[in-house]
Protein chains: 2
Amino acid sequence: MPFGCGLFTILVRKRLALKKLSRKEREFQMHRREILEAALDLFSEKGFHNVTMQEIAKESEFAVGTLYKFFANKEELYKALVLEKSKEFHPTLLKALGKGKDEIGCIRAYLEAHIRVFMDNLKFVRLYLAETRGARFNIGAGLDEELEKKHKEILSKLSDVFKRGIRKKLFENFDPYLLARALEGIIHAFLFQHVDDPEGHPFDADLVMKLFFERIVKIDTQK
Amino acid sequence: MPFGCGLFTILVRKRLALKKLSRKEREFQMHRREILEAALDLFSEKGFHNVTMQEIAKESEFAVGTLYKFFANKEELYKALVLEKSKEFHPTLLKALGKGKDEIGCIRAYLEAHIRVFMDNLKFVRLYLAETRGARFNIGAGLDEELEKKHKEILSKLSDVFKRGIRKKLFENFDPYLLARALEGIIHAFLFQHVDDPEGHPFDADLVMKLFFERIVKIDTQK
DNA sequence: TGACAATATGAACATGCAGTCATAATATGA
DNA sequence: TCATATTATGACTGCATGTTCATATTGTCA
């Protein structure tokens, strides 16, 4: 029986999770991570359907059969990759939203966290955006729902911040949810721009704050 | 030899393009369009890799072999679909950019055209955004370059408008290219929101204009 | 109407790849 | 060191699907 399966092992792992991992378990997790890392390189470069298990095997220096000791199939491998990475990000972003002194501070903290986290993980961002935005054609089902839920949660918390700001008369009375969407849209636009051409138009949290919050027209020509 | 190939036919088609098409030619184009229409339904629903030629054949009510009379292979079919649709949109958007009285008017006209065109073609928008944003994993090469060029052209013209507005002291002095990106980001964010939940948060050109151009904060708490 | 050309058809073929499993390699511990 | 258990391996299999082509169907015109 392969390591890491079966009821007994699950119980053992549960127990160990609270104390410390056995060498076996550490190695198992290490190998798992190596596979995911190799898979990330390939998937982010060529997309789910243009990567073969052979390639992942070669890149990670395991045999094809070994991959199936860690993941039930290609789809599960992909899901694990996207979901586990996302689970690192989402709490960071959510936490950041609670860190400001006032509502503007919260938005700013969120922005900074967002930019930092994404800049540090550009390879993953390609995958994440492919799943979050655009067409999510990569897998059958299961990934969508889970990611969608987390994404909605962030949008919801973000619009709560806007809502509070509006109630406090800090912000103009726009639809808070659309404000959240708009902010996200600007961030993504800049991230894309940056991915396309990292040297081109540098941007940071300051710039996004100014663009988003300050008025752009000087004279009032709105009808 | 299938209809529509060969030097002679090309010359004939060229001549006819100026006058009118033969019945044969009209039928050929009609069938071609029907295939593309069926393919659009399927691709926009399931993505390039999850649609088979069999399915396209069934949906379009042609035989598999017939599809290959119109398109060299699956990839060419997909390319034709995306490129031809894009070629309808891009000129509309570009033209709209020249239609305003002043720079704000141009942006407004662009926005209205953008929203209208996209709303009328939601099925295609899914594909377009999958190719334009996010990961463009669908095909080898060839589509990317052409679409990218057209997309850059619009961004460039859009930032020219911002540049003129800044020079005229109509707009604050932001990087015009980033303004263009930001506007596009907001539009896309709202479009996505709309695709996800058409009843939820309605938006129109007015709203985007206000969100983009008007300041959002009431009191000045910027650092 | 019939003879020929143009076009459509879908069963069959070829290929690529996800997933398996008998065997090899390695680790364990007596 | 050896017997046994554990884990890794990659050649192989089965299937899905893009593409072809011999045949059937339809259109054309005398």
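Reminder, nothing fancy here: chain letters follow the sequence lines and each chain counts from 1.
- The partner of dG16(C), taking Watson-Crick or G-U wobble pairs whose two distances both stay under 3.5 Å, is dC15(D).
- Cation-pi geometry between K74(A) and F48(A) is met: under 6.0 angstrom from the ring centre, within 45 degrees of the axis.
- Taking atom CD1 of I56(A) as the reference point, atom C1' of dG10(D) lies 16 Å away to the nearest angstrom.
- For V64(B), the listed nucleotide lying nearest its side chain is dT20(D); candidates were dT20(D), dG19(C), dT9(D).
- For M53(A) and dA16(D), the CE to P distance is 18 Å, given to the nearest whole Å.
- For the side-chain contact (heavy atoms from CB on, under 4.5 Å) with I56(B), the lone residue among L42(B), L36(B), D41(B) that qualifies is L42(B).
- If you check every strand for non-hydrogen atoms under 4.0 Å, T66(A) touches a base.
- Between K74(A) and dA18(C), a side-chain N or O to OP1/OP2 separation shorter than 4.0 Å is present.
- The shortest distance between side-chain heavy atoms of S156(B) and Y177(B) does not fall below 4.5 Å.
- Nearer to the 5' terminus of DNA chain D, by closest-nucleotide assignment, is the contact made by G65(A) (compared with the other of Q54(B) and G65(A)).
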**Asked** Should E153(A) and K157(A) be marked as a salt bridge (Lys or Arg N to Asp or Glu O under 4.0 Å) after you check the CA-CA gap, both sets of side-chain angles, and the distance that decides it?
**Response** CA-CA 6 Å; E153(A) 192 184 339; K157(A) 287 268 185 290; 5.0 Å; no
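- What separates CG of L42(B) from P of dG18(D) is a distance of 12 Å, to the nearest Å.
- In this entry the distance linking CD of E27(B) with P of dA6(C) reads 16 Å, nearest Å.
- Distance CD (E76(B)) to C1' (dG18(D)): 14 Å, rounded to an integer number of Å.
- Following rounding to the nearest Å, Y68(B) (OH) and dA11(C) (P) show an atom-to-atom distance of 16 Å.
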For nucleotides 24-30 of chain D, list the nitrogen or oxygen atoms of the protein found under 3.5 Å from its nitrogen or oxygen atoms, one pair per line.
from, atom 1, to, atom 2, distance (Å)
dT28(D), OP1, R23(B), NH2, 2.4

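- Aromatic ring orientation, H114(B) versus Y110(B): perpendicular (interplanar angle above 60°, classes split at 30° and 60°).
- dG16(C) atom P lies 13 Å from atom CD of E55(A), rounded to whole Å.
- Between the CG atom of N73(B) and the P atom of dA14(C) there is a distance of 19 Å, given to the nearest Å.
- Residue K69(B) has its side chain nearest to dT9(C) when only dT9(C), dT17(D), dT20(D) are considered.
- A ring pair (Phe, Tyr, Trp, His ring centres under 6.0 Å) with F203(A) is found for exactly one of F212(A), F118(A), F190(A), namely F190(A).
- Side-chain polar atoms of E184(A) and H151(A) form a donor-acceptor pair below 3.5 angstrom.
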